[in-house]
Amino acid sequence: MNIGIVLLVALLSLFALILLVAEKARMDEKKLAVVATLGSLAAIVRIPFAVLPSVQPSSFLIMLSGYIFGARAGFLVGAITPLFSNLFLGQGPWTVWQMLAWGLCGASSGLLGKLRKRGAAPLLDRPGRRWLFIVHCTLWGFLYGWIMNLWIYTGMGALANFRTFIGLYVSSLPFDAAHALGNFFFSALFAQNTARILARYHRRLVIARFPAWKGGADGEK
Amino acid sequence: MKSEAERNVWQIAHPAIVVLHLATQLLFAFLWELHPLFLCGQLVLIAVWAKQEGAFAQLRPFFAMTLLFGFAYLCLNTLVLHEGRTYLWKGPILPYLGRLDATVEELSYSLCGVIRLVILLLVSQLFQRLVDHDRFFFLFAEAAPRFVTTALLSIRLVPFLQHEYRRIRETAKLRGLEPQRANGLGQVRYSWLLLRPLLHSALEGAWLTAETLYARGFGSGKRSSYQRMALRPREKTGVLLLLLPFAFALYAKGLGVGQFAFFPLFSWPDPLGDLFGLGCFLLLSIVPIIWFRRGEEM
């Protein structure tokens with residue numbers, strides 16, 4: 001069987017599986033509304049930057065959403081962003097791949113956010129934590145491109161082989177580097193302040209979900 | 001959601017049928033592999049269809065980008081492939097990639113790839129133009145209710161965010177903040193200045209949306225009923241008509257129609273047969289489109 005088709009089936013199954021997990025997760029109306037808002041914002045900021053190839057402020061917003069609100073929210077924000085922004089920029093077979101790539105990007109940031117000490121605020125005020133996030137954002141600039149290359153590779157049909165694979169990845173390097181560089185700048189300049197804003201709403205979300213009259217306040221200590 | 005008068009004939013129809021029409025065209029672009037004649041024929045068919053539907057105006061902004069990407073794809077594919085024999089240029093030998101070269105065969109093969117890319121772009125634009133996105137998302141509401149609600153909420157939030165952005169900009173202007181002569185970094189700082197209140201405002205708006213969802217009973221249990229869109233008899237016939245070009249394509253392929261080899265040298269065993277096959281195929285492909293349009297206009 002063609003390696004391209006195997007890859008396509010494997011990645012689409014992975015996407016469907018993660019979407020199913022996110023769908024089955026308990027998500028109240030507040031988190032859903034916040035995810036929709038962040039997805040909408042991430043999609044909107046992508047449109048004016050479409051003229052600069054591969055510079056994607058959406059990636060930064062998706063990763064920050066995942067970092068603050070958790071892996072599931074990050075995945076959903078990532079999956080919604082291309083679905084919606086491509087209504088303006090053009091839908092196609094690439095949309096599903098972008099949904100997967102950005103979804104994974106948001107989910108991985110959620111896992112990174114879990115590395116902090118239990119109970120600690122999800123802020124990026126400490127230099128170590130901030131730099132870890134910046135490096136994570138920069139790396140995802142490349143990873144996103146590498147995932148997206150796979151959809152071109154799967155479309156190569158009979159000519160998909162190791163040489164074309166290497167050629168494809170070498171040629172995409174400047175675009176991936178531009179994405180990574182963009183992510184680096186966006187996260188270095190804006191991550192700390194934006195994280196403060198998002199963390200404030202995250203706190204409200206948590207407090208709203210465990211009202212004191214239900215005895216949930218203890219759970220927050 | 002658009003009003004009845006604003007929608008075109010396709011947006012009134014069942015969205016699954018419209019998507020099926022477009023998906024069939026996508027499938028055909030891959031079914032004939034990179035056969036130049038069939039790809040050109042299909043490109044003409046889709047271009048005429050897109051023109052009829054008025055999708056060309058929307059296409060203009062993406063055309064330059066597609067040309068750029070297409071040119072990059074053309075150059076890369078030609079350089080990386082090592083299949084043809086009619087050499088135009090022989091370049092240096094690189095590790096892993098081998099010798100970089102350009103042959104007429106590789107160039108033609110890559111050009112066909114670009115034509116297929118343009119077909120994908122046109123189908124994508126037709127999707128934008130012909131599918132009512134709200135009704136399309138509703139198709140998945142029962143299977144993935146949370147995802148669909150989130151996605152539709154996202155779409156709804158755009159006018160709100162645009163309004164908020166204008167308001168914030170006006171306020172910044174009133175405060176004398178409008179960096180007309182600012183350099184790149186100054187513009188970025190100004191954008192951040194606007195983005196921050198926009199983010200606050202959007203998240204406050206999310207809170208109101210959540211309250212509305214709560215008031216409408218979201219999360220109080222599984223939704224008992226979903227709006228179902230039934231297929232009309234004419235649409236069912238349209239699906240059967242869509243099978244015609246597909247069945248013909250499979251039958252013709254079995255007979256050996258549409259054979260073309262780029263490598264090592266061009267080989268086209270039956271050009272006349274292919275031309276006839278293309279004629280039949282295009283005719284059969286047009287029938288479901290015309291059937292659908294006529295039926296909706298009546």
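Note that these values count all heavy atoms, side chains included, but never hydrogens, waters or copies made by symmetry. Here is the naming used below: chain letters follow the sequence lines, and residue numbers restart at 1 for every chain.
- Per-residue counts of heavy-atom pairs under 4.5 Å with chain A were compared for B:Ser154, B:Ala206, B:Cys75, B:Ala151; the largest is that of B:Ser154.
- Heavy atoms closer than 4.5 Å to chain B are found in the side chain of A:Leu83, but not in its backbone.
- Contact of B:Phe127 with chain A is made through the side chain alone, with heavy-atom distances under 4.5 Å.
- Ranking B:Leu199, B:Thr209, B:Thr149 against chain A, the residue ahead of the rest is B:Leu199, based on heavy-atom pairs under 4.5 Å.
- Listed options A:Val45, A:Leu198, A:Asn193 were ranked by heavy-atom pairs under 4.5 angstrom with chain B; first place goes to A:Asn193.
- Taking the centre and axis of the six-membered ring of B:Trp207, the NZ or CZ atom of A:Arg204 falls inside the cone set by 45° and 6.0 Å.
- Side-chain N/O atoms of B:Glu83 and B:Tyr109 include no donor and acceptor closer than 3.5 Å.
- Residue with the most contacts toward chain A among B:Gly113, B:Ala202, B:Ala143: B:Ala202 (heavy-atom pairs, distance under 4.5 Å).
- Your options are B:Ile155, B:Leu34, B:Leu153, and the one with the most heavy-atom pairs under 4.5 Å with chain A is B:Ile155.
- Atoms CD and CD, from B:Gln128 and B:Glu53 in turn, are 14.0 Å apart once rounded to the nearest 0.5 Å.
- Checked against the 6.0 Å centroid criterion, the rings of A:Tyr169 and A:Phe142 do not qualify as a close aromatic pair.
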What side-chain donor-acceptor pairs closer than 3.5 Å can you find for residues 70-81 of chain A, not counting sequence neighbours?
{"unit_1": "A:Thr81", "atom_1": "OG1", "unit_2": "A:Val77", "atom_2": "O", "d": "2.7"}

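- Of the atoms belonging to B:Leu203, heavy atoms from both backbone and side chain fall under 4.5 Å from chain A.
- At a 4.5 Å heavy-atom cutoff, B:Gln162 makes no contact with chain A through either its backbone or its side chain.
- Only the side chain of A:Phe84 comes within contact range of chain B, with at least one heavy atom under 4.5 Å from a heavy atom of that chain.
- Evaluation of the side-chain hydrogen bond (donor to acceptor under 3.5 Å, both in side chains) rule for A:His179 yields A:Ser59 as partners, not counting sequence neighbours.
- A:Asn183 places a side-chain N or O within 3.5 Å of a backbone atom of A:Cys137 that can act as its donor or acceptor partner.
- Contacts between A:Ile166 and chain B at a heavy-atom distance below 4.5 Å involve backbone atoms as well as side-chain atoms.
- Interface remark: B:Phe137 contributes side-chain atoms only to the contact with chain A (heavy atom separation under 4.5 Å).
- With values rounded to the nearest 0.5 angstrom, B:Phe140 atom CZ is found 10.0 Å from B:Phe147 atom CZ.
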